[in-house]
Amino acid sequence: EGFERVSMRRIADAVGYTSGALYAYFRDKDEILYALHVEGFARLRAAITAVDDAKLTPGQRLYRLGELYLRFAFENPQLYQLMFITSRVGQRIREDKKWEVGLDNYDRVRRAVRDCMTAGVLPRGELEAATFATWAQVHGIAAIVIRGRFAGIISDEDLPRVVREAYQFAFGALLPAHAKLRSARPRHAAPRTRRR
C-alpha cells in the first residue's frame, strides 16, 4: 500500500507484536524503513559481488555490474524504491551525514569505471562525474520501470525487450567492444509492474 501508509500499529499487527513492544526495538516507522534500506543494500552487495569472482575484462565487469543492478531492481521493486526513490530514507542519510552501506556499493561502480579508464575502454575524465553518469543511466532505467512511468509510451508486452535494448544501447555505445557480452549472459527481464 506504499511506504507512506505504513504505521507502527499496522506493522505491530502484521508481526504479532503490540505497538509498545515494537517501540522497544525501533524509535519510529522511519527507523524501521531505514533498517530495511540497510538490508536492501546488503542484498544488492551480495548480488553484484559475482563480478569479483568472474574472469572479466574491465569493460565486461562494468557491463555486467549494470546487468546485475537491473536484475536486483526488477526482482526487488519495493525494496529498490525504499533504497533509491523514497524520500524518507534520503532525509535520514542527510541527517546522519554518513552512508557506508550505500557507498560500499557505489565504490564498486567507481572502481569499475576507474579500471575502464585505466584500460582505455572509457575515455579518461573526471572519475566522480563518470561514475555518477554511469550509475544514473542504469538507475534511470530501473526507476522508470519500477514506478510505471512507461505507461502510454511502451506497452507491457514490449517492455522487457525495450529495457534490454535500451541497456544495450546505452552501454553498447559506451563499451562497444564489450556489448557482445550480452548474448552470453542471462537476460534481465523487466518486472510485471502495476500502473500507478
Side-chain angles (χ1 to χ4, degrees), residues 1-52 65-113 127-151 153 156 159 163 167 188-196:
E1 297 177 16
F3 296 112
E4 298 305 320
R5 298 188 66 183
V6 171
S7 69
M8 292 291 275
R9 178 175 297 281
R10 295 183 76 187
I11 294 171
D13 289 345
V15 299
Y17 276 58
T18 65
S19 294
L22 198 58
Y23 279 109
Y25 295 96
F26 297 99
R27 182 179 62 228
D28 55 23
K29 173 180 90 170
D30 286 345
E31 196 166 284
I32 292 174
L33 294 179
Y34 189 79
L36 290 170
H37 146 273
V38 170
E39 172 66 19
F41 274 98
R43 289 186 193 179
L44 175 59
R45 181 175 54 219
I48 65 177
T49 51
V51 299
D52 293 338
L65 270 174
E67 287 186 318
L68 292 171
Y69 183 98
L70 285 177
R71 176 176 294 164
F72 173 84
F74 295 154
E75 289 177 355
N76 304 279
Q78 290 182 330
L79 192 54
Y80 186 86
Q81 285 192 71
L82 180 61
M83 292 162 63
F84 290 107
I85 300 171
T86 304
S87 61
R88 299 185 82 100
V89 171
Q91 180 61 35
R92 167 74 183 269
I93 293 166
R94 283 189 290 278
E95 288 169 4
D96 287 353
K97 298 184 177 163
K98 61 183 180 180
W99 193 42
E100 289 90 353
V101 67
L103 291 176
D104 180 60
N105 289 294
Y106 193 75
D107 282 344
R108 192 177 302 278
V109 178
R110 183 187 287 117
R111 288 192 303 271
V113 169
L127 180 59
E128 289 308 319
T131 302
F132 185 80
T134 301
W135 170 65
Q137 283 187 28
V138 183
H139 169 69
I141 293 171
I144 287 169
V145 172
I146 287 172
R147 297 293 290 173
R149 299 299 192 239
F150 58 89
I153 302 169
D156 288 337
L159 183 64
V163 166
Y167 179 76
H188 49 265
R192 294 183 186 92
T193 56
R194 285 197 316 245
R195 301 285 173 84
R196 295 180 189 241

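Remember, predicted model here, so these are calculated numbers, not experimental data. Numbers here simply count residues along the sequence, with the first being 1.
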Task: Student check: side-chain heavy atoms of Y25 and I32 closer than 4.5 Å - done: no

TODO: In sequence, state the C-alpha distance, the side-chain angles, and the governing distance for F41 and H37, and then conclude on side chain to side chain contact (heavy atoms under 4.5 Å, CB included).
DONE: CA-CA 6 Å; F41 274 98; H37 146 273; 3.4 Å; yes

TODO: Taking the six-membered ring for Trp and the full ring for Phe, Tyr or His, determine whether the centres of H139 and Y80 are under 6.0 Å apart.
DONE: yes

Task: Minimum-distance pair of heavy atoms, taken over all atoms of K29 and M8 - done: N-SD, 3.5 Å

TODO: For F26 and E31, work out which heavy atoms get closest and say how close.
DONE: CA-OE2, 3.4 Å

Task: Minimum heavy-atom distance between A73 and A142, given as atom pair plus value - done: CB-CB, 3.8 Å

Task: V145 versus F150, closest heavy-atom pair with distance - done: O-CE2, 3.6 Å

Open item on the list: Can you tell me how far apart CG (D107) and OG1 (T131) are? Round to the nearest 0.5 Å.
Closed with: 9.0 Å

Task: Note, F72 side chain near L68 side chain (heavy atom, < 4.5 Å) - done: no

TODO: Return the minimal non-hydrogen interatomic distance between S19 and R9, and the atom names on each side.
DONE: OG-CA, 3.6 Å

- [ ] Evaluate side chain to side chain contact (heavy atoms under 4.5 Å, CB included) for L44 paired with I48, printing each intermediate quantity in order.
- [x] CA-CA 6 Å; L44 175 59; I48 65 177; 3.9 Å; yes

TODO: Could you tell me whether R71 and E67 have a side-chain N and a carboxylate O separated by less than 4.0 Å?
DONE: no

Task: Test side chain to side chain contact (heavy atoms under 4.5 Å, CB included) applied to Y69 and L65, step by step - done: CA-CA 6 Å; Y69 183 98; L65 270 174; over 6 Å; no

Task: Evaluation steps, side chain to side chain contact (heavy atoms under 4.5 Å, CB included), between F132 and Y106 - done: CA-CA 9 Å; F132 185 80; Y106 193 75; 3.5 Å; yes

- [ ] Find the distance between CG (D13) and OG (S7) and round it off to the nearest 0.5 Å.
- [x] 7.5 Å

Task: CZ-CZ distance between R45 and R108, expressed to the nearest 0.5 angstrom - done: 8.0 Å

Open item on the list: Between L22 and T18, is there a side-chain heavy-atom distance shorter than 4.5 Å?
Closed with: no

Task: Spacing of CZ belonging to R111 relative to CG belonging to L127, to within rounding of 0.5 Å - done: 11.5 Å

TODO: Indicate the ring-plane relationship of W135 and F84, choosing parallel, tilted or perpendicular according to the 30° and 60° boundaries.
DONE: tilted

Task: Nearest non-hydrogen partners of L79 and L36, listed with the distance - done: CD1-O, 3.6 Å

